[in-house]
Amino acid sequence: MELTYAPENFESDWYAKWEAGGVFRPEINPGGEPFCMVIPPPNVTGQLHMGHALNHVMIDAIIRRKRMQGFAALWVPGTDHAGIATQNVVEKSLAKEGITRQELGRERFLEQIWGWKETYGDRITLQMRTLGDSCDWTRERFTMDEGMSRAVREVFVSLWEEDLMYRGFRMGNWCPSCGTAISDIEVEHEDEIGELAHLRYPLEDGSGHLVVATTRAETMLGDTAVAVHPEDERYTHLIGKFITLPLIGRRIPIVADSFVDPEFGTGAVKVTPAHDPNDYEIGLRHDLPVIQVLDLEAKVNDNGGEFAGMDRFEARTAVKEALDALGLLEGVEEHSHSVGHCSRSGTVVEPMLSDQWYVKVRPLTDPAIDVVRDGTAGFNPKRWENSYFHWMENLRDWCVSRQLWWGHRIPAWFCDECGDGTEAKVFVSREDLSHCPDCGGAVRQDEDVLDTWFSSALFPFSVFNWPDETTDLERFYPNNAMLTGFDIIYFWVARMLQMGIHFMEEVPFPTIVIHGLVRDEHGRKMSKSLNNGIDPMLVIEDHGADPLRLALLQSAAPGHDVVFDMSRVEAARRFGNKLWNAARLVLQHVEPGSVPAEGGYPEDPAPADAWIMERFGEVQRSFDDLCEKYRFSDAYAALYSFVWSELFDWYLELSKPALYDEATNEATVQTLGAVFRDALKLFHPAMPFLTEELWSELVGDGFIATASWPELPEVHGPASMGTMQDLIGGVRSFRSQHGISPRVPISILFTDQGNEVEEWWTPLLEALANVTMAPVAQELGAGHTRIVAGGVHGFIALEGLIDVGAERARIEKAIAGFEVDSKKANAKLSNEKFVASAPEEIVAKVNGQMEAAQSQIEALRSQLQELG
RNA sequence: GGGCUCUUAGCUCAGGGGGAGAGCGCUUCCCUGACACGGAAGAGGUCGGAGGUUCAAAUCCUCUAGGGCCCACCA
């Protein structure tokens, strides 16, 4: 073995061997109960970022542990076609060559994107392999592959048939730069300081004017009314009168609508039904004309008169200037309000009327709310359920059509012949239509595609080739858990629940584990725009995948954001080195390849062996418990601390004296091998590569990845272990404070009130503290100092070698410490209510603390006197 | 406007009714036959502030200050 841990030497080899060995397929555990999770599918042309790494490491830790526990564990990998994102990327790349998609045409543009997908589609899956994701690649899916397209079409058509899908001409969110409608959750609201312009609208009869307030002056070009509150006394006399719209000259009515808030602005609202959702509603109520003044690129159209051709922001200024010139701009005040931006492009979203496809959500959300309320599916942490309910209860119909080319084409065909003259007849079909089913004439397919999230909503069952009734579908639906970031609860989780319940009649997963975002060391969200992202691939290059994995797992407190700290990765790497070197020590005493894959604990362990077995058993139970609760950071913190501080710092040192005596070391060799092997097993879900490498040295049989999850035998260690550790600590501390080298042997005479000192202590005390011990009948005074551990009092002859002043200080400090303990305990015990109300074991515990502290103080005080 | 969340050691963060924890950093000693990517011994927090509940509060409740996030048709 190399002298130090060098992950780059073996990580990629192991991945290839696992994959070739079918380790990641559920079939590796043929009799096992299924345990399945699906990946939150990353963008097919994307790159693995730290957020993916966090998500994958947690999923992989679950899956690998379940696999070792004998489950037919399956992690289904896949990628998402990511409609807008991918189309935008390819368009941008074409733009560099001066080509637009329109010039290319739909068919050739799609060829370009498929080519792009071929080129970059492997990148992220290779990166996932580098990270160690134990996905079953034989079941890999892409949201636009044939099977999933079939599922999408089946769902679309079924929803249509059930009257849960409809086409409607409505006011929706439009992104002028992406050139498509977007759903409500794709709009990001940001608070901005804008201007509230007060405009004078002259009354038709010349009797004066009405002042309206607006943040979007350019929309006045499309005004078809002014609305006031019906009970607003300032304006009641004007209701029914008309205004001459400035700049345009249109005659528009003053209407009464209780939507208007008399408190806001002037209490009079200009109404632009074509470009504002509220105004649209008012327009419907009052039968107002709808006049579009902005085109799909958000430029003023021919209805905008002299402003035609201007961008909406340009027009905003121009309109205000023009009104000002007419003396109709009464004033402008600062106004803070929230402005919607497209989550993809950042462009300000324009409310726009258009024909779109909608999913009627209420029939889908109600059951999805119920299953969370009744606990059939639950979020972890539970508090996410509140936002889930709030969102689901207020959800509006989902606009699923997108005016893009990259995506699932909407399976609807129009026949103009069979239409009613204004609208074509619509046919929604599972099979492609080449002619009209009614008249046999020509049909044209809807040009639009579906929202990317439409296909990912089906992921938990579409990956198994639903609607076919496959064996996999039967075995792995419902999935056993979903683990993802809070940022896609609405986009993805909520919709999987709706679709899963509706089409499979069962929740897609009973448990939803939500983690946070990865932030940089200053707590800022890692993002492209801030350029503060840390590329996990570079971290792996520098430190290895295992250290990154362990660092992320240790940082991932449930439900909290993760502050990525490189020093944690470095620490995890040092831990890897520690494991590596511990293995080298173990292999000096244990025949390489001789450790059994499981069991192998001695029947008759030596005291130190029994102690570590007992401690390990306790730690393992707590570790398993924490893992089942998805508290990985706590689980691995506990394991890490046990392995380093107890197994390595204590047990390896304690085992050495026994190991060097080859005639009698059998039990210790067995313990050492078995304990170390099981420590590797527990670390395998976090550090798969390193543990596999060490397994191959230690066990050399099969993969640790498919080895059994450890079961520690029930063993009780010696009760006096703690006292011995305290004694060793006391001696070391004594040495340190007096500058006595560990090489200088120390003789200790001792009294033993609790009869704790045992024969087996002798070699261990020599090895770990370089002390020899001999019993003495009574306490020793002058010329000695005292080290107290439990009921054992050790006396060290001073022989003038140590500084009495320093020793006095040492003892005084020790006394002060015990006095704090004693006081605290005493305060509680002298409180009658405490003694009466606190649980018995707590009272007993405090009592014990009190007694222990007082006996220590007593002993040390007399020592102080003896020092003179 | 509604909701959630955070404030704990110099730094970055866990924990969450019964003696304050981790990583990094810091001090002293040690290259002892696995490991200096190491070992041993230490220093360092009245757990944002004020009330309250309780035998017991960093932990639960209320208020308060300051961060962060989400939702909302704020012309």
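Heavy-atom basis, side chains included; hydrogens, waters and symmetry copies ignored. A note on names: the letters A, B, ... follow the listed sequences, proteins ahead of strands, and every chain is numbered from 1.
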Next on the checklist: A side-chain contact here means heavy atoms from C-beta on lying under 4.5 Å apart; do T214(A) and L196(A) qualify?
Outcome noted: no

Item to check | Short side-chain N/O contact from R216(A) to OP1 or OP2 of A75(B), under 4.0 Å | outcome: no

Checklist entry - At under 4.0 Å between heavy atoms, what does Y660(A) touch on the DNA or RNA strands: base, sugar-phosphate, or nothing? => result base

Item to check | Side chain of K270(A) (C-beta onward), nearest among C74(B), A75(B), G19(B) | outcome: A75(B)

Item to check | Side chain of H560(A) - closest among G18(B), A41(B), C6(B) | outcome: C6(B)

Next on the checklist: Just the rounded figure in Å: distance from P of C74(B) to CD of E333(A).
Outcome noted: 17 Å

Checklist entry - With a 4.0 Å cut-off on heavy atoms, is E832(A) in touch with a base, just the backbone sugar-phosphate, or nothing at all? => result nothing

Item to check | Sugar-phosphate only, base, or nothing, as touched by R573(A) at under 4.0 Å among non-hydrogen atoms | outcome: base

Checklist entry - How is A268(A) classified with respect to the nucleic acid when contacts are heavy atoms under 4.0 Å: base, sugar-phosphate, or nothing? => result base

Next on the checklist: Going by purine N1 to pyrimidine N3 plus the second Watson-Crick contact, or the G-U wobble pair, all under 3.5 Å, which nucleotide sits opposite C24(B)?
Outcome noted: G10(B)

Next on the checklist: Counting the atoms with a prime plus P, OP1 and OP2 as sugar-phosphate, which does K823(A) contact under 4.0 Å by heavy atoms, base, sugar-phosphate, or nothing?
Outcome noted: nothing

Item to check | Pair of N/O donor and acceptor under 3.5 Å linking A40(B) base with E653(A) side chain | outcome: no

Checklist entry - Of all the nucleotides listed (C71(B), G68(B), G38(B)), which has the minimum atom distance to the side chain of R519(A)? => result G68(B)

Next on the checklist: Whether W644(A) contacts G38(B) is assessed here as follows: a side-chain N or O lying under 4.0 Å from the phosphate OP1 or OP2. Is that the case?
Outcome noted: no

Item to check | Heavy-atom closest pair, residues P253(A) and L288(A) | outcome: CG-CD2, 4.1 Å

Checklist outcome for this item: Ranking A41(B), C71(B), A34(B) by distance to the side chain of R732(A), first place goes to A41(B)

Checklist entry - Rounded to whole angstrom units, what separation is found between the CG atom of L659(A) and the P atom of A34(B)? => result 10 Å

Checklist entry - Which whole-number value in Å describes the distance from L196(A) CG to C74(B) P? => result 14 Å

Item to check | Q854(A) (side chain) donor-acceptor with E851(A) (main chain) under 3.5 angstrom | outcome: no

Checklist entry - Base, sugar-phosphate, or nothing: which does P839(A) touch, judged by heavy atoms less than 4.0 Å apart? => result base

Checklist entry - D191(A) near the nucleic acid: base, sugar-phosphate alone, or nothing, with a heavy-atom cut-off under 4.0 Å? => result base

Checklist entry - Below 3.5 Å, does any donor atom in the side chain of D821(A) face an acceptor in the base of G19(B), or the other way round? => result yes

Checklist entry - In terms of the nearest nucleotide of RNA chain B, which residue is placed more toward the 5' end: I842(A) or W384(A)? => result W384(A)

Item to check | Close side-chain approach of V255(A) to V226(A), heavy-atom, < 4.5 Å | outcome: no

Next on the checklist: So T272(A), base contact, sugar-phosphate only, or nothing? Heavy-atom distance under 4.0 Å.
Outcome noted: nothing

Item to check | Sidechain-backbone polar pair: D257(A) side chain, A227(A) backbone, donor-acceptor under 3.5 Å | outcome: no

Checklist entry - Whole-Å distance between C35(B) C1' and L587(A) CG? => result 14 Å

Next on the checklist: Within the 4.0 Å heavy-atom criterion, would you say D261(A) contacts the bases, only the backbone, or no part of the nucleic acid?
Outcome noted: base

Next on the checklist: Counting only side-chain heavy atoms from C-beta out, which of A41(B), G23(B), A40(B) sits nearest to A571(A)?
Outcome noted: G23(B)

Checklist entry - Are side-chain N/O atoms of R574(A) and N577(A) paired as donor and acceptor at under 3.5 Å? => result no

Checklist entry - Which part of the nucleic acid does N386(A) contact within heavy-atom distance under 4.0 Å: base, sugar-phosphate only, or nothing? => result nothing

Checklist entry - Within the structure shown, what part of the strands sits under 4.0 Å from A582(A) by heavy-atom distance: base, sugar-phosphate, or nothing? => result base

Checklist entry - Have S343(A) and E186(A) got a donor and an acceptor in their side chains that come within less than 3.5 Å? => result no

Checklist entry - Taking atom types as modelled and ignoring hydrogens, do the side chains of Y201(A) and D223(A) form a donor-acceptor contact shorter than 3.5 angstrom? => result yes

Checklist entry - Nearest-Å distance, NE2 (H335(A)) to C1' (C74(B))? => result 6 Å

Next on the checklist: What's the closest nucleotide to the side chain of R743(A) if the choices are C31(B), G15(B), A75(B)?
Outcome noted: C31(B)

Checklist entry - Can you tell me the Watson-Crick or wobble partner of G1(B), both distances under 3.5 angstrom? => result C71(B)

Next on the checklist: Categorize S837(A) for me: base, sugar-phosphate, or nothing, with a 4.0 angstrom heavy-atom threshold over every strand shown.
Outcome noted: base

Next on the checklist: Please name the nucleotide paired to A58(B) by Watson-Crick or G-U wobble geometry with both distances under 3.5 Å, or report none.
Outcome noted: none

Item to check | Nearest to side-chain heavy atoms of K828(A), which nucleotide of G18(B), A40(B), C55(B) | outcome: G18(B)

Item to check | Whole angstrom value for the distance that separates C1' of C35(B) from CD of Q588(A) | outcome: 11 Å

Checklist entry - Under 4.0 angstrom, heavy atoms only, what part of the nucleic acid is R631(A) near: base, sugar-phosphate, or nothing? => result sugar-phosphate

Item to check | Side-chain N or O of R584(A) closer than 4.0 Å to phosphate OP1/OP2 of G33(B) | outcome: no

Item to check | Which residue lies more 5' along RNA chain B, comparing R568(A) with G729(A) via nearest heavy atoms | outcome: R568(A)

Checklist entry - Does the side chain of S733(A) get closer than 4.0 angstrom to OP1 or OP2 of G42(B) through an N or O atom? => result yes

Checklist entry - In whole angstroms, how far is the C1' atom of G1(B) from the NE2 atom of H189(A)? => result 14 Å

Checklist entry - Any idea which of A34(B), C73(B), G38(B) is nearest the R574(A) side chain? => result G38(B)

Item to check | d(CD1, I488(A); P, C70(B)) in whole Å | outcome: 15 Å

Item to check | Least distance between heavy atoms, F379(A) atom then I489(A) atom | outcome: CE2-CG2, 4.1 Å

Checklist entry - To the side chain of T215(A), which of A72(B), C4(B), A75(B) is closest? => result A75(B)

Item to check | Any K578(A) side-chain N or O less than 4.0 Å from OP1/OP2 of G39(B) | outcome: yes

Next on the checklist: Given U12(B), A20(B), G15(B), identify the nucleotide with an atom nearest to the side chain of D565(A).
Outcome noted: U12(B)

Item to check | Sugar-phosphate only, base, or nothing, as touched by V260(A) at under 4.0 Å among non-hydrogen atoms | outcome: base

